[in-house]
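Encoded as structure tokens, the structure appears first; notes follow it.
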Amino acid sequence: MSRTRTRAASALGGLALAAVTALVATSSPAVARRPPSDPSTQTLATLADRHHLAVGTAIDVGALSDPTYRSIASTEFSTVTPENVMKWEALEPTRGRYDWSAADRFMRFAEANDQQVRGHVLVWSNQLPGWLTEGVADGSIDRTELRALLRKHVTDVVTRYKGRIWQWDVVNEAVEDGFDPGPDGVVGYKGFWYDNLGPGYVADAFRWARAADPKALLFYNDYNIDAFADGGSLDKTQFVYDMVRDLKARGVPVDGVGSQAHLSTRYPNYSSFQIADALNRFAGLGVATALTEVDVRNLLPEERTGDTINPLLQAQAFNYGALMQGCLASRKCISYTVWGFDDGHSWTNDWDFGGGVGTEALAAIYDEDYRPKPAYAQLQADLAYAGPPMVLPRIPQKPAR
Ligand code: G3I
């Protein structure tokens, strides 16, 4: 599962980091000995603890055999999310035959390191097993059977890890984007489950998950819901807000909203205030919030030198920081998870965002040689230098009955 690093990316990261390190080295006063309380020497998990905030990462289970990866993953973070191994295609590649091996390995890692687990993901349109999607496509699985299969899947997976999962991403990415609204011209539901079962599957999934584990916090998770737009028919954040409000009003056990926060420095993005505002508005519905898949990719320039890369790394650090400050400012924001911590294992290396695979990358807080980037220091500082009266400890969420 671990991905190959490209030579180009490696060279690029080396150049950029060397330049930034030089910058930091020349502008910092010489310090003979650092006191133990120096925040720059403390892990993100330690620094976040004072706020009762969990800081996490997605884990590429295949990469755990790399001692450096394993060491950072186990020390810097207090919560972990399986990047791929709890998805349906991984858990049930053949109908009726579960393969828990990789997911169990992930759980053993988390528990050995005393890390809280975000389960990911119960209901999503991607990474479904072929037998399921093909069965629906050829008509051999009808609507009634599909609903029963989904119920079984949710129940079996949640039951398997009952009592060991802090937050479950129950339903993921169920809503259209404002920039891609579908034929009716407004944002609505989308995807395999909506197309085949209608919108009722969302409430069903939360109810089935709750029945299987009364203690796990149940999240709706999506991207591009970092901030509200104009509240109109193309505002995805508003649609998700209305959806969660309606689910809560009907007694559906939704405990949280996860904002993935996959950003790119090529877009304007948001201020800390906009992030805090969105998180606070969701909190007003009685749910917790979490930033669940944070990363900030860069549109890579043709010529990759310190001069071209440094501004990108600074912009990236700003965005990681805006998200952290927004989360710290909202007391129901209970965790901040990065979607992979190093450039060598980031999904962005293998993704085409429109300009070709790998053209938007360098998205993580460590480079491909595991050296912390400016974004890492930004997160440390945001955590270290925040406190009352504007930043107060988190308010823990209880599962809705
Ligand atoms: O497992 C197969 C392997 O058998 C095969 O040989 C190989 C060849 O390409 O592919 C492997 O599957 C890949 C899988 O990751 C596991 O590594 C898929 O091609 C690849 O598309 C898949 O990408 C994942 C992506 O979700 C799929 O949608 C990324 O790693 C993962 O980071 C990403 O995560 C999602 C979140 O779950 C939801 N939010 C968005 C986020 C980023 O896309």
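Both ligands and their constituent atoms are indexed starting at 1 by order of listing. Please read these numbers as outputs of a predicted model, since none were measured by experiment.
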So is Tyr223 in contact with ligand 1, going by heavy-atom distances below 4.0 Å?
no

Backbone or side-chain N or O of Asn172 under 3.5 Å from ligand 1 N or O
no

Consider ligand 1: state whether an atom of it lies below 4.0 angstrom from any non-hydrogen atom of Glu89.
no

Anything under 3.5 Å between a donor and an acceptor, one on a side chain of residues 265-276, the other on a protein residue two or more places apart or in another chain? List them.
| residue | atom | partner | partner atom | Å |
| --- | --- | --- | --- | --- |
| Thr265 | OG1 | Asn298 | OD1 | 2.8 |
| Arg266 | NH1 | Glu360 | OE2 | 2.8 |
| Asn269 | ND2 | Ser264 | O | 3.0 |
| Asn269 | ND2 | Asn319 | OD1 | 3.1 |
| Ser271 | OG | Phe273 | N | 3.3 |
| Ser271 | OG | Gln274 | N | 3.1 |
| Ser272 | OG | Gln325 | OE1 | 2.7 |
| Gln274 | OE1 | Ser271 | N | 2.9 |

Name the option, out of Glu83, Lys87, Met86, that contains the heavy atom nearest to atom 37 (O) of ligand 1.
Lys87

Would you check whether Trp347 has a nitrogen or oxygen atom less than 3.5 angstrom from a nitrogen or oxygen atom of ligand 1?
no

Would you call the rings of His120 and Trp339 parallel, tilted or perpendicular if under 30° counts as parallel and over 60° as perpendicular?
perpendicular

Numbered atoms and elements of ligand 1 in range of Gln260, under 4.0 angstrom, heavy atoms:
39 (N), 40 (C)

Val121 heavy atom under 4.0 Å from ligand 1
no

Atom indices of ligand 1, in the order listed, that fall short of 4.0 Å to a heavy atom of Asn126
28 (O)

Please check if the distance between the ring centroids of Tyr189 and Phe239 is under 6.0 Å.
yes

Residue set satisfying ring pair (Phe, Tyr, Trp, His ring centres under 6.0 Å) with Phe106, at least two apart, ordered chain then number -> none

List the steps, then state whether salt bridge (Lys or Arg N to Asp or Glu O under 4.0 Å) holds for Arg210 with Asp255.
CA-CA 10 Å; Arg210 170 61 81 243; Asp255 304 312; 2.7 Å; yes

Taking N or O atoms only and a 3.5 Å limit, does Glu173 qualify as a polar contact for ligand 1?
yes

Minimum-distance pair of heavy atoms, taken over all atoms of Ala45 and Ser78:
CB-N, 3.9 Å

Within a radius of less than 6.0 Å around CZ of Arg151, do more than 12 heavy atoms belonging to other residues, nucleotides or ligands occur?
no

Nearest heavy-atom neighbours spanning Asp138 and Gly135:
OD1-O, 2.9 Å

Does Trp351, backbone or side chain, put an N or O under 3.5 Å from an N or O of ligand 1?
no

Atom indices of ligand 1, in the order listed, that fall short of 4.0 Å to a heavy atom of His262
40 (C), 41 (C)

